[in-house]
There are 2 protein chains.
Amino acid sequence: MTQPRWLNSEEERLWLAFLRMRRAIDVAIDGQLAEAGLSPADYDVLAPLSQSGEALRVRDLAALIGWDRSRIAHQLRRMEQRGLVVRSGSTTDRRGTLVHLTDLGRTAITAAAPGHVETVRRVLFDQLDQQDLACLTSIAERVADAAGLTGISRTGGPARPGTAQVRPGRES
Amino acid sequence: MTQPRWLNSEEERLWLAFLRMRRAIDVAIDGQLAEAGLSPADYDVLAPLSQSGEALRVRDLAALIGWDRSRIAHQLRRMEQRGLVVRSGSTTDRRGTLVHLTDLGRTAITAAAPGHVETVRRVLFDQLDQQDLACLTSIAERVADAAGLTGISRTGGPARPGTAQVRPGRES
DNA sequence: CGAAAGTCGCTGACGTATCAGCAAACCTAT
DNA sequence: ATAGGTTTGCTGATACGTCAGCGACTTTCG
């Protein structure tokens, strides 16, 4: 790092536009979720819960959304206070804690999910043609991989039929 | 919003990659700043301060980085406690407050800036060829404009010669 | 002039994210 | 079986962002 290579005008233009795009997406998504009474963090927790059988170990839930134990413990405490989830001691491993969706929690995620996906689509995908999609996918995967970010597993395949469809999320 | 249009596999692939890219960039930038002892918020405040004459009105500083008054007031309080900035009553408008960079603050931003730009370049621009750059710029501007986000003014042109070069930032 | 309206910066409350650290439970190797 | 290390989940401290609201000041307009 002898001489800093400052950004040229094209690069600066991209950087600022990139930041604006991020912000626009966040504002749209967070605002839509707020209308549904959920924070982005709530959504990240509720989505995998609703897709799974009903209960998840805190450890697994955390791994699924790429959070550390502390963060999810705080979040679960607040969500439990609001009646969105409940915790119960695990069966086999007595260290473990199971997180269950309450009826209120299930109602909330089911109500919020369609608008959420719709918002993601409207703010991002509706602006992209097929070529944009390929280009952006290539760039995003390249940048993420080059940074060596351990790809958060997330749930992977399509949601099981019969469970609430709650794909996206934002994992803050 | 009759029937939610869920993401297809290509779209989901892009969305997840996009999230990973964002996260990778944040991790890289925040980590580099943390090594320099600054938070992203610190950087956003210090950068325009170091580029301006030396002092800015709180109002103008906030407008420059697109923050509301409350947020910047909290941030300035914390930064003043750490000795990065000082506040003084304004001259003409007695409602106003002037924010000054301290020597410590100037040292901090000057030390952090080269690594910051270097990090932005390494994590993003070094992964893009000329075509990627054009494509991503087009997409980002389109998405941001479509969302109708009031483009934060930011400082605009290149930094004045003679002042610390501290372009990027992330305005969280 | 003087009242109404607007601007400015600050504060307290609350939700959130990260860090360090803890206690209980578990696992492994002797 | 048991000592040492690991995993799990939690907590407290601190920093950050947003919201509602306040007091001081300035501007506007009758």
Side-chain angles (χ1 to χ4, degrees), chain A residues 22-23 26-27 29-31 33-35 37-46 55-100 169-172, chain B residues 22-23 26-27 29-31 33-35 37-46 55-82 84-100 152 169-172:
Chain A
R22 286 179 53 140
R23 195 166 188 77
D26 287 352
V27 166
I29 291 181
D30 296 359
L33 285 178
E35 286 176 14
L38 295 178
S39 70
D42 296 333
Y43 192 93
D44 286 347
V45 169
L46 293 177
L56 282 174
R57 267 194 73 161
V58 170
R59 171 192 52 173
D60 300 326
L61 177 54
L64 229 38
I65 57 181
W67 287 15
D68 63 36
R69 296 195 301 272
S70 170
R71 183 178 175 187
I72 202 162
H74 285 302
Q75 183 66 29
L76 289 175
R77 173 179 45 74
R78 291 186 297 258
M79 291 177 73
E80 191 165 30
Q81 281 180 338
R82 290 193 288 148
L84 294 169
V85 299
V86 288
R87 284 183 281 193
S88 65
S90 171
T91 50
T92 52
D93 189 335
R94 278 194 298 176
R95 290 169 303 186
T97 300
L98 287 178
V99 187
H100 302 260
R170 254 218 13 258
E171 77 218 18
S172 58
Chain B
R22 287 178 53 140
R23 196 165 186 76
D26 287 352
V27 166
I29 290 181
D30 297 359
L33 285 177
E35 284 176 16
L38 295 178
S39 70
D42 295 334
Y43 193 92
D44 286 346
V45 168
L46 292 178
L56 282 174
R57 266 194 76 159
V58 171
R59 170 190 56 173
D60 300 327
L61 178 54
L64 229 38
I65 58 182
W67 288 14
D68 62 37
R69 295 199 298 276
S70 169
R71 184 178 175 186
I72 204 162
H74 284 303
Q75 183 65 28
L76 289 175
R77 173 179 45 76
R78 291 187 296 257
M79 292 178 72
E80 190 165 30
Q81 280 179 340
R82 290 194 287 146
L84 294 169
V85 298
V86 289
R87 285 182 280 195
S88 66
S90 172
T91 49
T92 52
D93 189 337
R94 277 194 300 175
R95 291 170 302 185
T97 300
L98 286 177
V99 186
H100 303 259
I152 292 165
R170 254 219 13 260
E171 75 217 20
S172 51

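So that the names make sense, note that chain A is the first sequence line, chain B the second, and so on, each numbered from 1.
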> Can you tell me how far C1' of C/dA20 sits from CZ of A/Arg71, to the nearest Å?
Replying inline: 18 Å
> Once you round it to whole Å, what is the distance between P of C/dT11 and CD of B/Gln75?
Replying inline: 14 Å
> What is the distance from CG of A/Leu84 to P of C/dG15, rounded to the nearest Å?
Replying inline: 12 Å
> For A/Leu61 and A/Leu56, which heavy atoms make the closest approach, and how far apart are they?
Replying inline: CD1-CD1, 4.0 Å
> Rounded to the Å, how far apart are B/Arg78 CZ and C/dA17 C1'?
Replying inline: 13 Å
>> Tell me the closest heavy-atom pair linking A/Arg82 and A/Gly37, and the distance in Å.
In response: NH1-O, 3.9 Å
>> Please report the distance, rounded to the nearest Å, between CG in B/Leu33 and C1' in D/dC16.
In response: 15 Å
> Are side-chain heavy atoms of A/Asp42 and A/Met79 found at a separation under 4.5 Å?
Replying inline: yes
>> Closest approach to the side chain of A/Arg77, judged atom by atom: which nucleotide of D/dC25, D/dC16, D/dT11 is it?
In response: D/dT11
> Which heavy-atom pair separates A/Asp30 from A/Pro40 by the least distance, and what is that distance?
Replying inline: OD1-CG, 3.3 Å
>> Donor-acceptor check, side chain of A/Gln75 to backbone of A/Val45, threshold 3.5 angstrom: yes or no?
In response: no
> Of A/Asp42 and A/Thr92, whose closest DNA chain C nucleotide lies nearer the 5' terminus?
Replying inline: A/Asp42
> Quick one: A/Ile72 CD1 to D/dT7 P, roughly how many Å, whole number?
Replying inline: 18 Å
> Is there a donor and acceptor pair closer than 3.5 Å between the side chain of A/Ser39 and the base of C/dT16?
Replying inline: no
> What is the distance from CE of A/Met79 to P of D/dG9, rounded to the nearest Å?
Replying inline: 16 Å
> Going through the distances and angles, do B/Arg87 and B/Leu98 end up as a side chain to side chain contact (heavy atoms under 4.5 Å, CB included)?
Replying inline: CA-CA 6 Å; B/Arg87 285 182 280 195; B/Leu98 286 177; over 6 Å; no
> Does a salt bridge link A/Arg22 with B/Asp26, judged by any charged N lying under 4.0 Å from a carboxylate O?
Replying inline: yes
> Atom CH2 of B/Trp67 and atom P of D/dC19: how far apart are they, to the nearest Å?
Replying inline: 15 Å
>> Between B/Asp68 and A/Ser70, which residue's closest nucleotide on DNA chain D lies nearer the 5′ terminus?
In response: A/Ser70
>> Walk along nucleotides 2-9 of chain C from 5' to 3' and tag each nucleotide B, S or - by protein heavy-atom contact under 4.0 Å, base first, then sugar-phosphate.
In response: ----BBBB
>> Distance criterion of 3.5 Å, no angle test: do you see the side chain of B/His74 paired donor-to-acceptor with the base of C/dG12?
In response: yes
>> If you compare all heavy atoms of A/Arg57 against all heavy atoms of A/Gly96, which two are closest, and at what distance to 0.1 Å?
In response: NH2-CA, 3.3 Å
> Is A/Arg71 salt-bridged to A/Asp44, going by a charged N under 4.0 Å from an acidic O?
Replying inline: no
Could you pull out the protein-nucleic contacts involving nucleotides 2-5 of chain D (nitrogen or oxygen on both sides, under 3.5 Å)?
none

